[in-house]
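Throughout, a chain's letter reflects where its sequence line sits, starting with A, and its residues are numbered from 1. Here the structure is a predicted model, which means the values were calculated and not measured.
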Amino acid sequence: MTGVQDPLASMLSAESLIKNFGGIVATDSLSFDVAQGEIHAIIGPNGAGKTTLISQLSGTLMPDGGQIRFDGSDITRMTAPQRARRGLARSFQITSIFKDFSALDNVVLAIQAHRGHSFRFWRPVVDDLSLRDPARAVLEEVGLGARADVLAGNLAHGEQRQLEIAMAIASEPKMLLLDEPMAGMGPEESERMTAYLRSIKGRYTMLLVEHDMDAVFALADTITVLVYGRAIASGPPDTIRANAEVRAAYLGED
Amino acid sequence: MKVLLDIQALKTPRGIVATIVVLLCGLMPIIAPAIGESFYVDVFARTMIWAIAAVSLNLIMGYGGMISFGHAAFFGIGAYTIGILAFHGVTSAWVQWPVALILSALVGLVFGAISLRTKGVYFIMITLALAQMLYFLSVSAQRYGSDDGLTINDRSDFGIGFFNLDDDLTLYYLIFAVLLLCVYVSWRIVNSPFGMVVRGAKSNDNRMQALGYPTTRYKLTAFVIAGVMCGMAGVLDANLEEFVSPDALNWPRSGEMIFMVVLGGMGSLFGPVTGAVVFWLLQDFLANWRGFIGDHWAIIFGPFLILVVLFARGGIHGLVDRLFSRKGGAQ
């Protein structure tokens, strides 16, 4: 947790983050740093406050106290769209796509969001190859190239999860907040997703919230263990695996 | 993707329905006298005005998911602007029309900014409440006729010799042209980057925000555009009827607009036009029936609307698609 870090190397940092829901403390003076280019995993039992944390980082929930810094600036009070436009992209635990749009149009929307404002009323998006070509490339990259024209709502669950990631990376963000990207996937799909995330490692800084421990230990450079909104341990995977407190609180259950 | 001016698109079932409706509207001044029912010209002029209102409502309701129960407010603003300016002797269309449209935009901006803070049923109730405020304002305006309404002695004057709205046929084809223009503008908007954002916000607002879109701004803009379009319908209505009353902006009018949109097909470009035509023709047809049905036409009309809502999702255009499409629809 502590230790002096080069502030330039930090992409995202939370400092004494606090969030209460009524009497329940969901985030309890939580501090951590995500270094540039690393995959930082957040693990913890159900109810540890992982999704609450992601919501605060992405801007859908405002923290009650503390500070969030991203890429050199204080983003604590910024709205979700402002953070997204600064290059902080997120994916959702519960698939959050545009079901009545084609897979391609889902990605087009993600790219369009970063092309200045969209108060352009006349020219059809269908004709805009500067949006559609990169969108196709992104779908190709996540393995959905052949499914570009299928309605997103008609994609299989695993494909929807891939689309979810495609939308997050489409805008070439500086950092990805991944909220359980493997949620609801079979072992084979999970492995494929893990392989994909490893392939983009280094391209984006990532904060990964995930239940699949195989994936976490295979991918993460740093792991922070969250219990009742507090970080009980943080460090490289080997240290975490060896940590007695973590084993008792979490890993031991498995 | 809907492509209105594509010949292929016209061959689809809903394209054929749209073509028939357009031809019917465009040729009614010839058809009606030929079958000895000249009053249908008037019926169609009125229907097309309501179609414009329905097209505008569809823009926010069908594509933006904003169910406004106060859309008649804009219709009333357009109509009353013409009425009140004419009452004070200002009949130039070059003054009246811009004033009416700018007022519609301003009211749209205020109403939208207030109501878009809410969602779902609250949005419906707030738009209703705001529109009713204007209704009661019009009722209390004794100088402008309050309940009895305001008779308009002179139609808008463009000051162009051959283009005189006192000529019913000129007015008819102006309404027809404005309707086509509104459908065309909607088509451009819906498929533009702006339209994609509004549709995306309807589909999944949270995701749009996570992608970086401040969605409220876009929805508010759509709300204003729809308000201006509906204000235009009011402008035309004041000219056609040469009369405006508080009824124009009372809530049943907003409800009828919603019905026309749902009847024709929410979120289909031409659906609201078809919806308006069927809505008025059927009402007219039933009301003119001799005997029991004519006296109690609502007994037939009400259940018909309910059946369409229950069983024809996507309205008439959705139904036509399903009936005639060999592929059997989307799912």
Side-chain angles (χ1 to χ4, degrees), chain A residues 54-55 58-60 78-92 94-102 105-128 130-131 149-154 163-164 167-168 170-171 173 177 179, chain B residues 1-6 9 59 62-65 181-182 184-226 228-229 266-269 313-314 318 327 329-331:
Chain A
I54 291 252
S55 301
S58 67
T60 46
M78 282 186 190
T79 64
Q82 285 170 331
R83 295 179 202 206
R85 286 202 303 278
R86 278 176 173 260
L88 184 59
R90 76 167 287 187
S91 75
F92 289 79
I94 296 161
T95 308
S96 184
I97 52 177
F98 306 103
K99 292 196 170 145
D100 32 10
F101 285 54
S102 70
D105 281 341
N106 271 266
V107 181
V108 164
L109 267 177
I111 296 176
Q112 190 189 314
H114 292 260
R115 295 281 173 84
H117 66 77
S118 290
F119 288 102
R120 284 168 284 141
F121 299 91
W122 209 245
R123 198 171 153 214
V125 174
V126 200
D127 301 342
D128 193 345
S130 76
L131 287 173
D149 298 321
V150 178
L151 273 190
N154 293 344
L163 181 58
E164 178 81 45
M167 289 165 75
S171 56
L177 302 171
D179 194 356
Chain B
M1 230 20 52
K2 282 143 244 154
V3 183
L4 187 75
L5 300 180
D6 189 330
L59 208 51
Y63 291 102
L181 182 71
C182 286
Y184 180 68
V185 166
S186 299
W187 171 62
R188 296 301 300 224
I189 289 177
V190 161
N191 292 301
S192 72
F194 173 82
M196 289 287 281
V197 175
V198 172
R199 284 155 65 196
K202 179 199 176 197
S203 177
N204 191 340
D205 203 321
N206 284 336
R207 184 68 197 224
M208 285 303 278
Q209 299 208 23
L211 288 178
Y213 295 102
T215 50
T216 308
R217 259 174 249 175
Y218 291 95
K219 288 197 278 192
L220 180 57
T221 307
F223 196 86
V224 170
I225 293 171
V228 170
M229 216 181 257
M266 233 197 327
S268 77
L269 263 168
R313 291 203 60 196
K327 284 178 187 168
Q331 280 183 331

query = If you count heavy-atom pairs under 4.5 Å with chain B, which of A:Gln112, A:Arg123, A:Arg83, A:Met167 comes out on top?
reply = A:Gln112
query = Do the non-hydrogen side-chain atoms of A:Phe101 and B:Arg199 ever get within less than 4.5 Å of each other?
reply = yes
key: Options A:Ser118, A:Ala113, A:Ser58, ranked by heavy-atom pairs under 4.5 Å with chain B, top entry   = A:Ser118
ask   = Hey, are the side chains of B:Val185 and A:Trp122 touching, using non-hydrogen atoms and a 4.5 Å cut-off?
value = yes
note = Whatever's closer than 4.5 Å to a heavy atom in chain B on A:Ala110 counts as both
message = Is A:Ser96 close to chain B through its backbone or its side chain, or both, or neither, when contacts mean heavy atoms under 4.5 Å?
response = both
request  = Starting at CG of B:Leu211, measure out to CZ of A:Arg85 and round the result to the nearest 0.5 Å.
outcome  = 11.5 Å
query = Is there a donor-acceptor contact under 3.5 Å from the side chain of B:Ser192 to the main chain of A:Arg120?
reply = yes
remark   = Heavy-atom closest pair (B:Met196 atom, A:Val125 atom, distance to 0.1 Å) is CG-CG2, 3.4 Å
request  = Output the option from A:Asp127, A:Ile97, A:Thr79 having the highest count of non-hydrogen pairs under 4.5 Å with chain B.
outcome  = A:Ile97
message = Can you tell me if B:Arg188 has over 12 outside heavy atoms packed within less than 6.0 Å of its CZ?
response = yes
ask   = What part of A:Leu177 is in contact with chain B, defined as an atom under 4.5 angstrom from a non-hydrogen atom: side chain, backbone, both or neither?
value = neither
Under 4.5 Å from any heavy atom of chain B - which part of A:His117 = both
inquiry  = Please rank B:Asn206, B:Asn204, B:Thr215 by heavy-atom pairs under 4.5 Å with chain A and give me the top one.
reply    = B:Asn204
ask   = Between A:Ala84 and B:Ala210, which heavy-atom pair has the shortest distance, and what is it?
value = CB-O, 3.1 Å
task = Can you measure from OG1 (A:Thr60) to CD (B:Gln209) and round to the nearest 0.5 angstrom?
result = 9.0 Å
key: Pairs meeting criterion salt bridge (charged side-chain N to carboxylate O under 4.0 Å, His left out) with involvement of residues 200-220 of chain B, two or more places apart   = A:Glu164-B:Arg207, B:Asp205-B:Lys219
message = Going by ring pair (Phe, Tyr, Trp, His ring centres under 6.0 Å), name the residues that satisfy it together with B:Tyr218, two or more places apart in sequence or in a different chain.
response = A:Phe119
